[in-house]
K.L.:
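Quick one: this structure, given as structure tokens, is what I'll be asking you about.
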2 protein chains.
Amino acid sequence: MNERSQKSRCANCAIRHRAICGALSNEEIQSLSRIAHSRTLSPGETLMSDAEPTEYFANVISGVVKLLKTSADGRQQILGLLFPTDFLGRAYSAENPYFAEAATDVEICCFPHQAFEKLLADHPGLERRLFERTLSELDAAREWLFVLGRASAEEKVASFLNMMARRAPNLDYTEDNAEAPAHFLLPLTRPDIADFLGLTNETVSRQFSKLNKRGIIRLVTSREVVVPHLPRLAETAGQTELEFA
Amino acid sequence: MNERSQKSRCANCAIRHRAICGALSNEEIQSLSRIAHSRTLSPGETLMSDAEPTEYFANVISGVVKLLKTSADGRQQILGLLFPTDFLGRAYSAENPYFAEAATDVEICCFPHQAFEKLLADHPGLERRLFERTLSELDAAREWLFVLGRASAEEKVASFLNMMARRAPNLDYTEDNAEAPAHFLLPLTRPDIADFLGLTNETVSRQFSKLNKRGIIRLVTSREVVVPHLPRLAETAGQTELEFA
DNA sequence: CGAATTGTTGAATATTCTCAACAGAGGTGG
DNA sequence: CCACCTCTGTTGAGAATATTCAACAATTCG
């Protein structure tokens, strides 16, 4: 738990204009500051559990959060990844249908449940923005349904890398340099990637090696990736024009 | 295209209180009647395409609708199924991220885009209800992520049958008779089921035969199923306490 | 520096897919 | 009304793909 200075916290927030808070005016941001507090977590720490209700909503400020579901016999599936500006928790219900866990070092900005719902009620623009984000999450989940159901192991790993090349936080991806080399750090371990793609870590590792040998990616270290030519990676992923909202 | 009598159409609607319209008062329903029209479709007909914007939102009144995504090389994945009371189309955007196709004979109730968005703006309860349905869709999509990523062919088919036992329209499933035999018609063909589960139709067919031999289901015809003991089917599906919103 | 975690690779196995043949149901026209 | 055709579903045999088990390398952390 790592509290920031109280006064202009939100106004100076790194994701001030990209998160849902972007729908709020500067005065409204002031009142938001009063109810918000930030928190830092280490990899593996639980942010949210389906066993107990959550007392807050949160925006991801930095790092990556895994949403996951585990079965009784230990199988695990990552249902989605949250990147900076993404939202964690659900309006109008404190129940959580799944787990959320920090994949990397994570910083989140928390709003108490009740106060946030009041804010929602007072600012229709905010609610609308939240709704649109939920639709994006739905689109993203459905994109992955196709990947999990119909892609080969190679296509799955390529799809994942393709998504990471766009979203990995330390890379400034823009449409302009779609053909330029991409260079980024993977926020997930091999077993995590496997849990995301519905594969085993061995299969993921083998596909990384194969893509590396074929020159579609270059593994600087096991976590550091260079993609010389993004369209070629996208092609390997099945060129299905994915959006990854 | 099959227009109904204009006057009290909505008030007499079979799903009046279960669809999102249930949020509206009787007077409001009157004004809704004025902008709504119903349509019937045959199996295989397209309701919505990602190629062209849709001119309406719609509620499913009867039948089952497939949401699907097809890749360039012909692979197909069903992303979700819409049952009566479910909603088709997206607020605030006429673009569709995927296809919608009638799986059975289907009757839908259509609202022109603009008129419906006005209705949404005027009735916050309606918008809220729409938002909550979207959250349910998101939950359902994420449940299937687990099934597609981590379930065996047998578990996939059992999960599907388990879902059908609850939702197949001609079965009145209630929590009370969770242990009673279920009896229903499958709204999907074997290839459709395969596209839903990320399998081939041959594998689906083999798993049906196996479950039939083991007595977990009884195939009256290829489309008519009896489940003598639902908990046993749920157990075969992986007992993962699925909700299938 | 040593232990523990993370990642890679190989060989054998299991599962699912592909290709192919055939059976049953449903619809159409002679 | 039946013969025929098509579409849907079933089953088998062989092939492909991913998993399991296992050993080992590399990296990180204390």
Side-chain angles (χ1 to χ4, degrees), chain A residues 42-45 66 73-77 101-105 147-161 185-214 217-225 236 238, chain B residues 42-44 66 71 73-77 103-105 147-161 185-214 217-225 236 238:
Chain A
S42 303
E45 279 193 77
K66 304 178 280 183
D73 62 351
R75 281 176 289 181
Q76 223 174 43
Q77 177 67 46
E101 200 181 290
T104 62
D105 284 319
V147 172
L148 290 186
R150 289 302 178 197
S152 66
E154 180 180 273
E155 290 169 326
K156 283 180 179 179
V157 171
S159 296
F160 171 74
L161 287 166
L185 288 174
L186 295 172
L188 300 186
T189 64
R190 294 292 186 275
D192 275 348
I193 298 170
D195 284 342
F196 192 36
L197 297 175
L199 299 168
T200 59
N201 54 13
E202 294 95 328
T203 299
V204 170
S205 190
R206 275 185 250 274
Q207 297 301 332
F208 268 90
S209 301
K210 206 159 74 176
L211 292 173
N212 191 38
K213 273 186 198 118
R214 287 175 53 195
I217 63 171
R218 189 163 60 81
L219 286 171
V220 182
T221 70
S222 63
R223 297 291 281 270
E224 194 181 351
V225 181
T236 310
Chain B
S42 303
K66 302 178 281 183
S71 70
D73 63 349
R75 283 177 287 181
Q76 222 174 45
Q77 176 67 46
T104 62
D105 284 319
V147 172
L148 290 185
R150 290 302 180 197
S152 66
E154 179 179 276
E155 290 169 325
K156 284 180 178 180
V157 171
S159 296
F160 171 75
L161 286 166
L185 287 174
L186 295 172
L188 301 185
T189 64
R190 294 291 186 274
D192 276 348
I193 297 171
D195 284 341
F196 193 36
L197 298 175
L199 299 169
T200 59
N201 53 12
E202 294 95 329
T203 299
V204 170
S205 190
R206 276 185 249 273
Q207 296 302 332
F208 267 91
S209 300
K210 205 159 76 175
L211 292 172
N212 192 38
K213 274 187 197 117
R214 289 174 52 195
I217 63 172
R218 189 163 61 82
L219 286 172
V220 182
T221 70
S222 64
R223 298 291 284 267
E224 194 180 351
V225 181
T236 310

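Just so we're on the same page: letters track the sequence lines, and every chain starts at 1.
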K.L.:
Distance-only check: which donor-acceptor pairs under 3.5 Å involve side-chain atoms of residues 198-205 of chain A, not counting sequence neighbours?
P.N.:
from	atom 1	to	atom 2	distance (Å)
A:T200	OG1	A:T203	N	3.3
A:T200	OG1	A:T203	OG1	3.0

K.L.:
By a strict heavy-atom criterion of less than 4.0 Å, which residues belonging to residues 193-208 of chain A are in contact with DNA chain D?
P.N.:
A:G198, A:L199, A:T200, A:E202, A:T203, A:R206

K.L.:
Heavy-atom nearest nucleotide on DNA chain D for B:P191 versus A:S152: which residue maps closer to 5'?
P.N.:
B:P191

K.L.:
Holding to salt bridge (charged side-chain N to carboxylate O under 4.0 Å, His left out), I want the full list of residues that pass it with B:R75, two or more places apart in sequence or in another chain.
P.N.:
A:E155, B:D73

K.L.:
CG of B:L219 versus C1' of C:dG24: gap in Å, rounded?
P.N.:
14 Å

K.L.:
For B:A103 versus B:P43, what's the shortest heavy-atom pair and its separation?
P.N.:
O-CB, 3.7 Å

K.L.:
Kindly write out the residues that satisfy side chain to side chain donor-acceptor pair (under 3.5 Å) with B:S222, not counting sequence neighbours, or none if the list is empty.
P.N.:
none

K.L.:
Kindly write out the residues that satisfy side chain to side chain contact (heavy atoms under 4.5 Å, CB included) with A:E224, not counting sequence neighbours, or none if the list is empty.
P.N.:
A:H183, A:L185, A:V220, A:T221

K.L.:
Between B:E154 (CD) and C:dT16 (C1'), how many Å, whole number?
P.N.:
14 Å

K.L.:
Can you tell me how far C1' of C:dC17 sits from CZ of B:R75, to the nearest Å?
P.N.:
13 Å

K.L.:
For A:K66, check side chain to side chain donor-acceptor pair (under 3.5 Å) against everything at least two apart and list the hits.
P.N.:
A:E101, A:D192

K.L.:
What's the CZ-P distance between B:R190 and C:dT16, to the nearest Å?
P.N.:
17 Å

K.L.:
Send over the distance from A:K213 NZ to C:dT8 P, rounded to a whole Å.
P.N.:
11 Å

K.L.:
Go through DNA chain D in 5' to 3' direction and return only the first and the last nucleotide with some atom under 4.0 Å of chain B's heavy atoms.
P.N.:
D:dG9 to D:dA13

K.L.:
Are the side chains of A:L211 and A:L219 in contact, using a 4.5 Å heavy-atom criterion?
P.N.:
no

K.L.:
I need the minimum non-hydrogen distance between A:Q207 and A:A153, along with the two atoms involved.
P.N.:
NE2-CB, 3.8 Å

K.L.:
With sequence neighbours left out, what residues match A:S209 under side chain to side chain contact (heavy atoms under 4.5 Å, CB included)?
P.N.:
none

K.L.:
Nearest whole angstrom, please: distance from the P of C:dT16 to the CG of B:L148.
P.N.:
13 Å

K.L.:
Quick one: side chain to side chain donor-acceptor pair (under 3.5 Å) partners of A:R150, sequence neighbours excluded?
P.N.:
B:D195

K.L.:
Would you say that B:V147 contacts B:F160 through its side chain, given a criterion of any heavy-atom pair below 4.5 Å between the two side chains?
P.N.:
no

K.L.:
So how far off straight is the helix from C:dC1-D:dG30 to C:dG30-D:dC1, going by the axes through five pairs at either end, to 10°?
P.N.:
40°

